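Comments concern the structure below.
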Amino acid sequence: MALFGLVDCNNFYASCERLFRPELKSRPVVVLSNNDGCVIARSAEAKALGIPMAAPAYQWEHVFRQHQVAVFSSNYALYGDLSSRVMSILADMAPRVEVYSIDEAFLDLTGVADPVALCREIRARVTQWTGIPVSIGLARTKALAKAANRRAKKNPALGGVYDHTAEADPEALLADMEAGEVWGIGPRHQKRLWARGVRTALDFARLPRDWVKKEMSVVGLATQLELQGISCVHFERAPAPHRSLLCSRSFATLVEDKAQLREAVCSFATRVGEKLRRENAEASAVQVFVSTPRHRDVPQHNGQAVITLPAPTAHTPEIIEAALRGLDQAYAEGHGYQKAGVMLLGLTPATGRQNSLLDLPPEERQRQRTLMAALDGVNRRFGRGALRFALASAPDRPWHMRQMRRSPRYTTSWADLLKVR
DNA sequence: TCTGGGGTCCTAGGACCC
DNA sequence: TCTGGGGTCCTAGGACCC
């Protein structure tokens, strides 16, 4: 029988910030989203203050002040680096690991003689080597492992590891959980379930399957079966290649001027092109969008356009050119835009591509690749944006996203290394 | 001043083809 | 009275995840 473990870092971003600031050990810590917009991570103390996930930061400033909450802008360079340290420990210790997100990984523990003992060792080593606290849930399916993880977190007496397969009363786990807390049931479905009298995960697991399939599609049905112990979401050893890639940002101030939007779009196109080449892929189409703020009494405009490329490419100038054409279509005069983005669609592997009549000659393609490789090399070595395209915005534009409270890049930037006296 | 960024999958409906 | 049936592709919209 299959056995899944779910390793989840506790309050991951807040824990990362705390690592380098030991004096914050018992103070509440929150981390804000890009643009310092809303709360995306909270330490246990911050949760105890009643600060909800996704709370708009400006609404909670008084609480931050009153309780001396340590507030950080998000610092993805730091979190990404600590994440890979945690993941490499897991890879060393568990037979198979599926990295599921920046702070979570599934373990395939099928056939392991004493999985609980292994998980306790893993937990101890991650704590010792990285300082990041983790919880681990074990169960027969991924959705149950998620639920088991939640119990491991909530119940300190368990010591951070909970094995649902050893439980005398397996239904207690689901009876103790709201339906909306189940992995795969979001706010919309929760509301509809509530209207039908379904309160707990156990209620949901006991619904007629045909109703679930009809109202929640095959995805909802898979979730239900998973809660019943029937594994539908399988272990993925290697990450699937991306189907799309996106770079988008909110602006610190509203942008009306098309020339400034062109700069922003050009920067986003450059960035997403870097991601594309790092994945050794090419894009078949470029999508651009611009949008006005959602919650204000101004005319809304959400413009978007998709430009199909003549042939798949990873060449930044071609991506920029298409993106700017897309912007021409998406843009409407007379709006203050709050956000823009560039998405690459129809991704294909860069190697082994078919030649097409529409494509440039192979020598020209090769010349482009060499140029991009050189560019990426310089930017890797000297920092992103060291070399950039003329149209792309300089880093000092007033509308660049706010990051008023970012911590240093302790682990990924020489200049930010911690000084030991 | 004022709510992130980056993804995935499913479904329904229309266009088009044979 | 009475206008098929099946397949594919694309898109928009909706839902979810972290």
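No hydrogens, no waters, no symmetry mates; every other heavy atom, side chains included, goes into these values. Numbered from 1 within each chain, the chains take letters A, B, ... in sequence-line order. Computed from a prediction, not measured in an experiment: that's the story for all the values here.
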In whole angstroms, the gap separating P of dT11(B) from NZ of K214(A) amounts to 14 Å
Tell me: CG of N34(A) to P of dC2(B), nearest whole Å? 17 Å
Using a 4.0 Å heavy-atom cut-off across all strands, classify [X] as base, sugar-phosphate, or nothing.
| X | answer |
| --- | --- |
| I185(A) | sugar-phosphate |
| D103(A) | sugar-phosphate |
| V233(A) | nothing |
| I102(A) | nothing |
| T253(A) | nothing |
| Y76(A) | base |
| K142(A) | nothing |

Taking only side-chain nitrogens and oxygens of [X], does any of them come within less than 4.0 Å of OP1 or OP2 of [N]?
| X | N | result |
| --- | --- | --- |
| K146(A) | dC18(C) | yes |
| K339(A) | dT3(B) | no |
| S244(A) | dT8(B) | yes |
| R188(A) | dA15(C) | yes |

Within 45 degrees of the axis of the six-membered ring of W194(A) and under 6.0 Å from its centre: does R199(A) put its NZ or CZ there? yes
